[in-house]
Amino acid sequence: MAISVTLKRYLEQHQVEYQTVHHHHHTDTAFNSAKTAHIPPSSMVKGVLLHDDNGFMIASTTATRTLDLNAINDVTNRSFKLANEDDLNRLLHDCEKGSVPALGQAFGLATIWDDNLALQPGFYLETGDHKELIRLSHLDFMSLIKDDLHGAISN
């Protein structure tokens with residue numbers, strides 16, 4: 001599998017240029033993807049699917065940080081929990097199991113991003129599989145998430 005068709009279509013619709021980075025080894029976390037691809041983990045953006053009684057959301061931060069559900073719930077005034085594998089497979093239907101691109105908007109999902117992302121010079125994201133990443137410039141990534149909720153949501 002390569003880049004998710006849904007993600008690719010979203011990037012093309014928004015006329016965002018990206019580079020594909022092949023890291024060849026199947027990895028289980030965004031942090032390990034960054035290490036395998038020889039990129040700074042602080043530039044690797046991970047997405048985490050959350051849910052509550054009102055729906056789903058993807059929370060995004062760098063691979064070096066841990067999302068804080070209490071902070072997310074404070075910012076959103078909701079009661080999010082981690083989504084399960086069945087939800088991941090259903091909502092991210094053209095992504096491999098466990099691969100969550102950090103751009104929820106591509107999949108029709110709301111996104112909340114951590115304020116520390118605004119400090120990064122460029123970004124790498126999972127593509128929907130565990131073997132490739134895409135690189136986006138700071139300007140392009142920020143233009144895609146500028147209207148989404150954000151806050152200090154990680155440690």
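Residues: numbered from 1 along the sequence shown.
No chain of hydrophobic side-chain contacts below 4.5 Å, direct or via other Ile, Leu, Val, Met, Phe, Trp or Tyr residues, connects Leu82 to Val100. A continuous path of ILVMFWY side-chain contacts below 4.5 Å connects Met142 to Tyr10, so both sit in one hydrophobic cluster. Clustering ILVMFWY residues whenever any of their side-chain heavy atoms sit less than 4.5 angstrom apart, transitively, puts Met57 in a cluster other than the one holding Leu109. Criterion: ILVMFWY side-chain heavy atoms under 4.5 Å apart, direct or through other members. Under it, Val48 and Leu133 are not part of a common hydrophobic cluster. Val75 and Ile58 sit in two unconnected hydrophobic clusters of ILVMFWY residues. Membership requires side-chain heavy atoms under 4.5 Å apart, directly or through other members.
Ser154 and Asp68 share no donor-acceptor pair across their side chains, judged by distance under 3.5 Å alone. Side-chain N/O atoms of Asp86 and Asn84 include no donor and acceptor closer than 3.5 Å.
No side-chain heavy atom of His150 sits under 4.5 Å from any side-chain heavy atom of Ile145. Between Leu144 and Leu11 the shortest side-chain heavy-atom distance falls below 4.5 Å. Between Ser137 and Glu17, the closest side-chain pair of non-hydrogen atoms is not below 4.5 Å. Using a 4.5 Å heavy-atom cutoff, the side chains of Pro121 and His138 are not in contact. Residues Leu149 and Trp113 fail the side-chain proximity criterion, which asks for heavy atoms closer than 4.5 Å. Residues Phe107 and Leu91 form no side-chain contact, since every pair of their non-hydrogen atoms from C-beta on lies 4.5 Å or further apart. Between Thr62 and Met44, the closest side-chain pair of non-hydrogen atoms is not below 4.5 Å. Between Ile134 and Ile3 there is a side-chain heavy-atom pair separated by less than 4.5 Å.
The CG atom of Leu88 sits 13.0 Å away from atom NE2 of His93, with the distance rounded to the nearest 0.5 Å. Between Thr111 atom OG1 and Asp147 atom CG the span is 11.5 Å, to the nearest 0.5 Å. The CD1 atom of Ile153 sits 4.5 Å away from atom CD1 of Ile72, with the distance rounded to the nearest 0.5 Å. Between atom CZ of residue Phe56 and atom CG of residue Leu92 there is a gap of 10.0 Å, rounded to the nearest 0.5 Å. Separating the CD atom in Gln105 from the NE2 atom in His14 is a distance of 8.0 Å, to the nearest 0.5 Å. In this structure, the separation between CD on Glu126 and OG on Ser99 is 4.0 Å, given to the nearest 0.5 Å.
A donor-acceptor distance shorter than 3.5 angstrom exists from the side chain of Asp94 to the backbone of Val5, with no hydrogens or angles considered.
For Asp148, there are no salt bridge (charged side-chain N to carboxylate O under 4.0 Å, His left out) partners two or more places apart in sequence or in a different chain.
Listed here is the closest heavy atom pair of Lys97 and Glu85: CG-OE1, 3.1 Å. Nearest approach of Phe141 to Leu103, heavy atoms of both residues: CE1-CD2, 3.7 Å. Minimum heavy-atom separation, Phe80 to Asn73: N-OD1, 2.6 Å. The two residues Glu132 and Asp129 come nearest to each other via the heavy atoms N-OD1, 2.9 Å. Smallest separation of non-hydrogen atoms from Leu117 and Phe123: O-CZ, 3.1 Å. Shown here for Leu50 and Ala59, the closest heavy-atom pair between the two residues is CD1-CB, 3.8 Å.
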message = For Leu125 and Lys46: C-alpha separation, side-chain torsions, deciding distance, then whether side-chain contact (heavy atoms from CB on, under 4.5 Å) applies.
response = CA-CA 7 Å; Leu125 288 76; Lys46 65 181 176 182; over 6 Å; no
ask   = Can you list the steps and then say if Val45 with Tyr124 is a side-chain contact (heavy atoms from CB on, under 4.5 Å)?
value = CA-CA 6 Å; Val45 183; Tyr124 294 86; over 6 Å; no
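Counted within 6.0 Å of CD on Gln13, heavy atoms from surrounding residues, nucleotides or ligands total more than 12; the atom is thus considered enclosed.
Listed by first then second residue, pairs satisfying salt bridge (Lys or Arg N to Asp or Glu O under 4.0 Å) with a partner in residues 74-84 read Asp52-Arg78, not counting sequence neighbours.
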